[in-house]
Amino acid sequence: MSDVVCPFCAMACDDLTVAHDRVGQLRVTDNGCARARTLFALPALPAHCFIRGRAVPLDAALDAAAALLRNAAFPAVGGLAADTEGVSAALALAERLGAVVDHAASESLFHGLRALQVTGAMTATFGEVRNRADLFVLFGTEFDRHAPRLFDRIIHPPKALFRDAGAVRGFLIGPGDGLAPEGFERLTANLIHAPAIAAALSQLVAGETPHGNRVGGIAMADLARVATALREARFGVVGWVAATLDPAAGDVAVEAFNRLVVTVNAATRCAGLSLGGKGNALGANYVCAWQYGVPLRSRLGAGPPEHDPLRYRLKSLLAEDGIDALLWLSALNGAEVPDTRTPMVVLARPGQPLPHDPEVLIPVAVPGLDHAGSIHRGDGVAALPLRRLRFHKFSGKSSAATLPTAAAVLNALLDRLPATPLPVLIRETAHV
């Protein structure tokens with residue numbers, strides 16, 4: 001099978017070649033990163049439903065999960081690492097429950113959304129960057145973890161339409177002192193200073209002289225070379241991995257990157273490129289906006305949808321014991337189950353690590369391996385189709401009774417709840 005889409009990071013590479021071995025095991029034979037090779041090769045093992053660690057049939061697990069959620073006064077639906085259909089079903093369940101909705105990777109997602117509200121953004125697709133960009137200024141670390149094929153697919157592709165594929169140069173700005181990729185120079189800095197570094201670059205590009213000899217540990221002379229390269233590039237890219245920015249001020253850093261891009265565009269062409277967004281985070285946010293008119297970190301079903309990115313940040317609510325039941329959806333990687341005392345219903349792919357036995361655990365199929373679906377690529381312009389690639393074989397025999405999809409389980413839960421939205425406890429909470 002060729003041109004297979006990988007669902008395991010936001011790059012959603014669509015050029016994989018995948019083969020079956022004699023027992024039906026999947027193997028990536030061409031393209032794909034180490035993560036794709038590992039996750040595509042995971043064995044399709046039978047999995048059981050559990051109630052507090054005790055194996056039970058699916059119907060019993062569904063009944064127990066529905067009872068837990070039905071009796072909650074302030075529930076939440078989180079994780080949301082699933083394909084489009086799974087996310088849509090999760091949001092429908094949240095609407096019925098009057099629940100808060102949030103994605104496991106929303107922290108980095110909302111860095112970008114808050115910055116977009118303040119500064120706007122000038123961005124480009126992966127295809128534009130691959131075919132046109134000749135300079136990359138990348139803020140962040142662990143590119144091999146958050147965008148594993150960034151260099152071989154986008155920065156140094158085998159072919160590019162409007163540039164010499166091997167003539168790219170760039171700068172890596174962030175912690176670390178290891179060997180930089182070909183054509184790149186590393187400028188070591190603590191990313192807590194990313195806003196100041198980007199602001200100094202904006203001044204230098206505009207012909208101004210920032211105060212001081214160093215910014216964030218980088219010599220001003222080195223930043224001046226970066227600024228000159230940005231001005232002289234035919235198509236420059238300022239990229240960042242939002243998940244590696246300072247959690248307390250990531251939005252401020254992204255605002256500074258956006259302003260830098262705008263400044264460079266006064267002299268030449270430049271685009272911003274946000275990297276990362278695991279577990280179809282962007283797709284989940286799109287589905288919520290399409291169906292309810294608000295982004296994630298909202299409460300659905302309690303009257304009109306209510307969006308409040310601070311009040312409905314699920315991580316904060318869990319830390320403050322602010323919710324009394326949690327449904328956690330993790331059909332894809334990138335949504336580690338939280339270690340919380342809150343009663344939980346977990347819908348997870350087989351093998352998902354668990355901090356402890358939840359009240360109810362229901363294993364679900366993996367999109368793009370066990371069933372078809374779609375996910376959204378991290379540049380925000382393409383919904384890519386996922387194919388069913390494997391058919392489970394248990395005990396040496398083919399089995400048509402594969403794991404249920406997340407959407408099927410969520411719809412079965414919805415059928416077990418009252419047809420009208422549940423009564424919602426109204427809390428008076430001061431907005432920040």
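Salt-bridge formation is detected for the pair Asp15/Arg153: a Lys NZ or Arg NE/NH1/NH2 atom is positioned less than 4.0 Å from an Asp or Glu carboxylate oxygen. In this structure, Asp59 pairs ionically with Arg416, as a charged nitrogen and a carboxylate oxygen lie closer than 4.0 Å. A salt bridge is absent between Asp134 and Arg169; no separation between the charged side-chain nitrogens and carboxylate oxygens falls under 4.0 Å. Asp102 has a carboxylate O that lies under 4.0 Å from a charged side-chain N of Arg297, or vice versa, which qualifies the two as a salt bridge.
Nearest heavy atoms, Gly250 versus Leu245: O-CD1, 4.0 Å. Of all the heavy atoms in Leu403 and Ala365, the pair that sits closest is O-CB, 3.7 Å. The shortest non-hydrogen separation linking Leu16 to Ala36 is CD2-CB, 4.1 Å. Nearest heavy-atom pair, Ala194 versus Phe257, reported as atom, atom and distance to 0.1 Å: CB-CZ, 4.0 Å. Nearest approach of His48 to Ala55, heavy atoms of both residues: CB-CB, 4.4 Å. Shown here for Leu135 and Ala233, the closest heavy-atom pair between the two residues is CB-CB, 3.8 Å.
Side-chain atoms of Arg37 come within 3.5 Å of backbone N or O of Gly32 as a donor-acceptor pair. Side-chain atoms of Trp328 do not come within 3.5 Å of backbone N or O of Ala104 as any donor-acceptor pair. Under the 3.5 Å distance criterion, the side-chain polar atoms of Asp14 are left unmatched by any main-chain donor or acceptor of Asp3. Here the side chain of Glu359 pairs no donor or acceptor atom with the backbone of Ala65 at under 3.5 angstrom. A donor-acceptor pair under 3.5 Å is formed between the side chain of Thr188 and the backbone N or O of Gly176. Thr263 places no side-chain N or O within 3.5 Å of a backbone atom of Ser202 that could act as its donor or acceptor partner. Using modelled atom types, one side-chain atom of Asn258 and one backbone atom of Gly120 make a donor-acceptor pair closer than 3.5 Å. Between the side chain of Thr141 and the backbone N or O of Gly174, no donor-acceptor pair lies under 3.5 Å. With hydrogens and angles disregarded, a donor-acceptor distance shorter than 3.5 Å links the side chain of Arg96 to the backbone of Pro418. No donor-acceptor pair under 3.5 Å is formed between the side chain of Thr268 and the backbone N or O of Val264.
Proximity of Asn285 to His103: side-chain heavy atoms (C-beta onward) are nowhere separated by under 4.5 Å. Contact of the Val261 side chain with the Met122 side chain is registered, since non-hydrogen atoms from C-beta on lie closer than 4.5 Å. A heavy-atom distance below 4.5 Å is found between the side chains of Glu95 and Tyr292. Residues Pro7 and Asp83 are not in side-chain contact: their nearest non-hydrogen atoms beyond the backbone lie 4.5 Å or more apart. You'll find the side chain of Phe126 reaches within 4.5 Å of the side chain of Leu273, heavy atoms only. At least one side-chain heavy atom of Met11 sits less than 4.5 Å from a side-chain heavy atom of Ile154. With a 4.5 Å cut-off on side-chain heavy atoms, Val77 and Leu91 do not count as touching. Counting only heavy atoms from C-beta outward, the side chains of Phe139 and Val238 approach each other to under 4.5 Å.
For CD of Gln352, the number of neighbouring non-hydrogen atoms (other residues, nucleotides, ligands) closer than 6.0 Å is greater than 12. Crowding of His20 atom NE2: a count of heavy atoms from other residues, nucleotides or ligands under 6.0 Å exceeding 12. For Leu161, the CG atom counts as densely surrounded, since its 6.0 Å shell holds more than 12 non-hydrogen atoms of other residues, nucleotides or ligands.
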Applying side chain to side chain contact (heavy atoms under 4.5 Å, CB included) to Leu260 and Leu230, what does each step give before you reach the verdict?
CA-CA 10 Å; Leu260 172 59; Leu230 283 167; 4.3 Å; yes
Let me see the working for His156 and Val168 under side chain to side chain contact (heavy atoms under 4.5 Å, CB included), right down to the final yes or no.
CA-CA 7 Å; His156 293 304; Val168 174; 4.3 Å; yes
Applying side chain to side chain contact (heavy atoms under 4.5 Å, CB included) to Val4 and Arg387, what does each step give before you reach the verdict?
CA-CA 8 Å; Val4 172; Arg387 288 186 271 169; 3.4 Å; yes
One pair to check against side chain to side chain contact (heavy atoms under 4.5 Å, CB included): Glu142 and Asp144. What are the steps and the verdict?
CA-CA 5 Å; Glu142 300 178 329; Asp144 56 340; 4.3 Å; yes
Is there a salt bridge (charged side-chain N to carboxylate O under 4.0 Å, His left out) between Arg114 and Glu255 once you walk through the steps?
CA-CA 8 Å; Arg114 286 194 292 268; Glu255 286 177 30; over 6 Å; no
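To the nearest 0.5 Å, atoms OG1 (Thr340) and CG (Asp321) are separated by 6.5 Å. The distance from atom CD of Glu306 to atom OG of Ser298, rounded to the nearest 0.5 Å, is 8.0 Å. Atom CZ of Arg269 sits about 4.5 Å away from atom CZ of Phe235, to the nearest 0.5 Å. If you take CG on Leu410 and CG on Asp415, they are separated by 11.0 Å, rounding to the nearest 0.5 Å. Atoms CG and CG, on Asp370 and Leu26 in that order, are 8.5 Å from each other to the nearest 0.5 Å. Atoms OG and CD1, from Ser316 and Ile323 in turn, are 11.0 Å apart once rounded to the nearest 0.5 Å.
Relative orientation of the Phe74 and Tyr312 rings is tilted, given thresholds of 30° and 60° on the angle between their planes.
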